[in-house]
Amino acid sequence: MPFKIIYISVLIFLLNLNQVNSKEITIITKVNNEIITNIDIENEKKYLLLLNKNLSKISETEIFDLAKNSLIREKIKKKEIDRVFIRQNDKVENKIIKNFYNRLGFNKEKIFIEFLKKKKIKFENLKEKLIIETLWNQYIYKKYNKKI
């Protein structure tokens with residue numbers, strides 16, 4: 001009898017533990033047949049806060065809107081870049097990453113990656129964002145530099 005009570009108690013505890021750690025994923029919007037979820041927006045908020053510490057002073061609603069709009073712009077940029085550019089080689093991409101973490105005050109990529117882990121930001125996602133932004137800037141420059 002006591003074994004059954006312990007067994008049932010442990011089972012109930014484990015089922016509740018699983019529910020506590022799960023987070024509902026909802027689709028916020030769709031851009032170019034790609035969805036943006038609440039998880040994507042949470043990750044974007046972390047990225048934006050990494051870039052600008054002052055954003056922590058604004059309201060949760062405002063940062064949510066900023067992150068959502070940032071993701072929408074990123075999806076549009078990525079589609080255009082994929083259409084126009086052939087991706088750079090790894091050497092150029094690594095230089096982009098190195099310049100970024102040096103601007104943030106880090107000397108080594110390994111230390112920067114550890115910092116990102118503490119902030120719960122995936123290095124590969126950050127790398128992709130930086131490459132998209134750099135290629136986008138190159139694209140805009142090439143397209144409009146003669147008109148300025």
Side-chain angles (χ1 to χ4, degrees), residues 9-148:
S9 298
V10 170
L11 185 60
I12 290 172
F13 174 75
L14 290 176
L15 289 174
N16 285 336
L17 183 65
N18 190 26
Q19 289 177 346
V20 170
N21 289 332
S22 65
K23 189 173 189 178
E24 185 176 327
I25 299 174
T26 58
I27 296 173
I28 304 300
T29 191
K30 185 176 172 185
V31 179
N32 295 329
N33 294 325
E34 293 186 48
I35 60 170
I36 296 176
T37 66
N38 58 325
I39 303 299
D40 296 329
I41 291 177
E42 287 297 319
N43 291 333
E44 187 69 10
K45 283 197 250 184
K46 292 174 193 173
Y47 170 71
L48 293 174
L49 287 168
L50 175 69
L51 293 177
N52 187 347
K53 305 273 188 238
N54 292 329
L55 290 178
S56 62
K57 297 175 185 173
I58 66 174
S59 73
E60 190 64 29
T61 305
E62 289 175 310
I63 190 111
F64 179 89
D65 289 341
L66 280 173
K68 181 176 127 184
N69 292 333
S70 175
L71 282 170
I72 290 169
R73 285 189 303 273
E74 180 182 312
K75 299 282 184 193
I76 293 168
K77 289 176 184 179
K78 184 175 183 342
K79 184 173 183 175
E80 187 67 15
I81 287 168
D82 289 344
R83 187 182 67 78
V84 174
F85 276 99
I86 297 173
R87 291 296 293 258
Q88 301 287 330
N89 61 30
D90 286 341
K91 192 174 186 180
V92 172
E93 290 178 359
N94 289 336
K95 187 175 180 180
I96 292 168
I97 301 300
K98 184 175 182 181
N99 287 339
F100 181 76
Y101 69 73
N102 283 339
R103 274 190 314 221
L104 291 177
F106 294 93
N107 296 326
K108 296 183 181 178
E109 185 175 299
K110 186 176 180 179
I111 296 170
F112 179 62
I113 291 172
E114 288 299 317
F115 170 77
L116 291 176
K117 283 181 184 177
K118 289 177 186 173
K119 296 282 188 179
K120 297 180 181 177
I121 298 173
K122 293 180 182 175
F123 177 71
E124 291 303 317
N125 293 351
L126 177 67
K127 184 177 178 180
E128 182 70 16
K129 287 179 176 301
L130 293 173
I131 291 165
I132 288 170
E133 196 61 37
T134 302
L135 292 175
W136 178 258
N137 290 341
Q138 288 176 3
Y139 172 66
I140 294 300
Y141 178 77
K142 286 179 183 179
K143 188 171 182 174
Y144 295 108
N145 75 337
K146 293 186 173 140
K147 294 180 181 180
I148 296 176

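Residues meeting the side-chain hydrogen bond (donor to acceptor under 3.5 Å, both in side chains) test with K45, sequence neighbours left out: E42, E60. When the salt bridge (charged side-chain N to carboxylate O under 4.0 Å, His left out) test is applied to R83, the partners found at least two apart in sequence or on another chain are E80. Residues that satisfy the salt bridge (charged side-chain N to carboxylate O under 4.0 Å, His left out) test with K129, not counting sequence neighbours, are E44, E74.
Taking CG of N107 as the reference point, atom CG of N102 lies at 6.5 Å (rounded to 0.5 Å). Put simply, CD on E114 and CG on L116 are 9.5 Å apart, with the number rounded to the nearest 0.5 Å. Within the model, atoms CG of L135 and CG of L130 stand 11.0 Å from one another, a figure rounded to the nearest 0.5 Å. Distance CG/L66 to CD1/I58: 4.5 Å, rounded to 0.5 Å. Taking CG of L104 as the start and CD1 of I111 as the end, the distance is 13.0 Å to the nearest 0.5 Å. One finds the CG atom of L51 at 7.5 Å from the CG atom of L126 (value rounded to the nearest 0.5 Å).
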- Message: Using the rule given for side-chain contact (heavy atoms from CB on, under 4.5 Å), can you reason through K78 versus D82, listing the C-alpha separation, both sets of side-chain angles and the distance that settles it, and then say yes or no?
- Response: CA-CA 6 Å; K78 184 175 183 342; D82 289 344; 3.1 Å; yes
- Residues V31, L71; criterion side-chain contact (heavy atoms from CB on, under 4.5 Å); working and verdict: CA-CA 9 Å; V31 179; L71 282 170; over 6 Å; no
- Message: I'd like to know whether I121 forms a side-chain contact (heavy atoms from CB on, under 4.5 Å) with N43, so could you lay out the CA-CA distance, the side-chain angles of the two residues, the decisive distance to 0.1 Å, and finally the verdict.
- Response: CA-CA 7 Å; I121 298 173; N43 291 333; over 6 Å; no
- Pair I63-L49, side-chain contact (heavy atoms from CB on, under 4.5 Å): steps then yes or no: CA-CA 9 Å; I63 190 111; L49 287 168; 4.1 Å; yes
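The shortest distance between side-chain heavy atoms of I131 and K127 falls below 4.5 Å. Counting only heavy atoms from C-beta outward, the side chains of E133 and N137 approach each other to under 4.5 Å. Two residues are said to be in side-chain contact when any heavy atoms from C-beta on lie closer than 4.5 Å; T134 and F100 fail this criterion. Taking 4.5 Å as the limit, some side-chain heavy atom of F64 sits within range of a side-chain heavy atom of I28.
The aromatic rings of F112 and F123 sit perpendicular, their planes meeting at an angle over 60°, well past the 30° parallel limit.
Within a 6.0 Å sphere centred on CD1 of I27, other residues, nucleotides and ligands contribute 12 heavy atoms or fewer. In the displayed structure, K98 atom NZ is contacted under 6.0 Å by at most 12 heavy atoms of other residues, nucleotides or ligands.
Summarising the geometry of I36 relative to D40, their closest heavy-atom pair is CA-OD2, 3.6 Å, with the distance given to 0.1 Å. The two residues I81 and W136 have their closest heavy-atom pair at CD1-N, 3.4 Å. Between N32 and K75 the shortest heavy-atom distance is ND2-O, 4.0 Å. Closest heavy-atom contact between E24 and T26: OE2-CG2, 3.7 Å. Nearest heavy atoms, A67 versus L48: CA-CD1, 3.7 Å. Scanning both residues, N38 and I25, for their nearest heavy atoms gives OD1-CA, 3.3 Å.
With hydrogens and angles ignored, the 3.5 Å screen pairs a side-chain donor or acceptor of N52 with a backbone N or O of N54.
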